[in-house]
Amino acid sequence: MKLLHKKFNSLYGTSLVEVLSCFAPGRINLIGEHIDYNGGPVMPFSISNGTTLLLRENNLGVHRFYSMNFPGQVHTVSVQKQYHKIENHWFNYPLACLEMLNDINLSITVGVDFLFSGDIPNGAGLSSSASIEVATLFGLNKYFKIGLQNIDIVLLAKKAENDFIGLSCGIMDQYAVTFGKSGNVLLLQCDIPEHKYVAADLGEYEIMAIHTGVKRGLTASKYNERYTSCMEAFALLKPRFKLKNLCDLSLSDLSEASSILGKDSELFQRTRHVVSEKERVLQAEAALISGDMVLLGKLLNESHDSLKNDYEVTGFELDSLVEVLQGIDGVAGARMTGAGFGGCAVSLAKKGVIQQYKSVISKKYKALTGLQPELYLAVPSDGVSLTAC
Ligand code: GLA
């Protein structure tokens with residue numbers, strides 16, 4: 001932290017005005033994939049990796065952005081009534097947040113100096129973007145005493161991603177990053193949205209995130225395609241089943257839904273994933289509460305199959321990694337986590353097993369893909385907070 005302060009002062013100069021610092025974590029989703037934007041329940045938790053932000057107002061009429069992760073250049077944007085996305089720069093995320101504040105007439109009218117430093121592995125699909133957005137809004141809210149509640153921060157951060165960045169994401173990432181609680185997973189009901197905590201009592205098991213080595217880039221168009229398919233299916237099924245969202249459909253409605261959508265249609269496949277995933281999340285909650293790790297593992301495996309076959313968001317590397325993990329003795333289950341198309345898999349395994357078999361996993365995965373997997377222990381941690389300077 002001292003080093004970051006030093007860097008801040010060397011970039012922006014010293015001042016008597018205090019620097020505010022905060023930390024927003026990344027997240028891992030245990031189960032409940034691609035159903036947040038369909039109003040379903042999901043089970044994410046925030047992790048100890050995340051984004052540290054230092055900020056302070058300046059008297060210059062410009063916002064200045066610097067990231068330790070993209071060193072070399074301070075980006076400057078003048079204070080404006082309306083901000084627009086600037087190419088594909090990383091600082092579009094904080095800029096998007098400033099624009100969301102403009103949108104609700106809570107504009108920041110003075111220039112602000114920002115310094116970001118993140119330790120979420122690049123392209124891992126562990127929500128570095130939500131982490132930056134929530135850190136920005138949380139930091140600005142505290143610094144300028146704007147009076148936003150945490151739930152307002154979640155909603156604004158999601159809107160920043162939807163309207164400014166252009167990803168039709170649901171609420172899961174921004175919510176988990178904000179409301180995560182050490183030792184717990186969230187059971188988040190996305191349509192309300194409202195959460196409860198479920199203790200992550202895993203007994204002799206632990207959760208690991210394993211990076212495929214494939215950066216989750218250029219996925220917005222595929223992600224948005226899935227979103228659009230779900231909205232189409234919802235529009236077609238809504239009149240018959242009186243749905244509030246696609247997750248409202250029940251398993252027993254599926255056979256009738258197949259005759260409306262077409263038995264072999266893509267829309268039906270997507271719908272079947274959504275509906276079955278919702279059921280798996282509810283079963284996962286019960287498994288976690290009763291300490292049934294074998295059942296929880298089985299649900300993770302089933303979730304992956306559904307994301308692979310019905311939702312088609314996994315891809316060769318994630319499928320290969322998950323298959324390797326599932327074949328290791330002591331692994332209760334494994335699946336992709338996050339949006340898919342690369343990024344991380346998550347495993348539930350007996351403590352120490354993944355580390356112990358690290359070289360076997362690497363060897364097998366490398367033989368299939370030519371890539372080196374990376375392992376991270378995933379410990380449920382606290383959500384966004386101020387940090388000591
Ligand atoms: C991304 C999105 C989330 C969610 C997941 C898939 O992380 O940001 O809203 O849809 O993908 O579950």
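A quick note: this is a predicted structure, and the numbers were derived from the prediction, not measured. Remember, it's 1-based here, ligands and their atoms both numbered in the order they're listed.
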Using 30° and 60° as the class boundaries, would you call the ring planes of [X] and [Y] parallel, tilted or perpendicular?
X: Phe65; Y: Phe114; value: parallel
X: Trp90; Y: Phe116; value: perpendicular
X: Tyr175; Y: Phe179; value: tilted

> With a 4.5 Å limit on heavy-atom distance, are the side chains of Arg56 and Asn9 in contact?
Replying inline: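 Side chain of Arg56 against side chain of Asn9, heavy atoms only: contact under 4.5 Å found.
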Any nitrogen or oxygen of [X], main chain or side chain, under 3.5 Å from a nitrogen or oxygen of ligand 1?
X: Tyr223; result: yes
X: Ile171; result: no
X: Asn29; result: no
X: His34; result: yes

> What side-chain hydrogen bond (donor to acceptor under 3.5 Å, both in side chains) pairs are there with at least one residue in residues 319-328, not counting sequence neighbours?
Replying inline: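 Passing the test, one end in residues 319-328: Asn301-Gln326, His304-Asp319, Thr314-Asp319.
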Which ligand 1 atoms, with their elements, are less than 4.0 angstrom from a heavy-atom of [X]?
X: Asp173; result: 1 (C), 2 (C), 3 (C), 7 (O), 8 (O)
X: Tyr37; result: 10 (O)
X: Arg27; result: 7 (O)
X: Gly170; result: 9 (O)
X: Ala339; result: 1 (C), 11 (O)
X: Asp36; result: 3 (C), 4 (C), 9 (O), 10 (O)
X: Gly338; result: 6 (C), 11 (O)

>> Regarding atom 5 (C) of ligand 1: of the candidates Glu277, Gln174, Met172, which has the closest heavy atom?
In response: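 Checking each option, the heavy atom nearest atom 5 (C) of ligand 1 is found in Met172.
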> Between Lys298 and Glu302, is the closest basic N to carboxylate O distance under 4.0 Å?
Replying inline: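 So Glu302 pairs with Lys298 through a salt bridge.
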>> Could you check whether Arg280 pairs with Glu277 (Lys NZ or Arg NE/NH1/NH2 to Asp/Glu carboxylate O, under 4.0 Å)?
In response: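 Result for this pair is yes, salt bridge flagged.
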> Looking at Tyr223 versus Tyr37, is the centre-to-centre ring distance below 6.0 Å?
Replying inline: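 Centroid distance Tyr223-Tyr37: below 6.0 Å, so yes.
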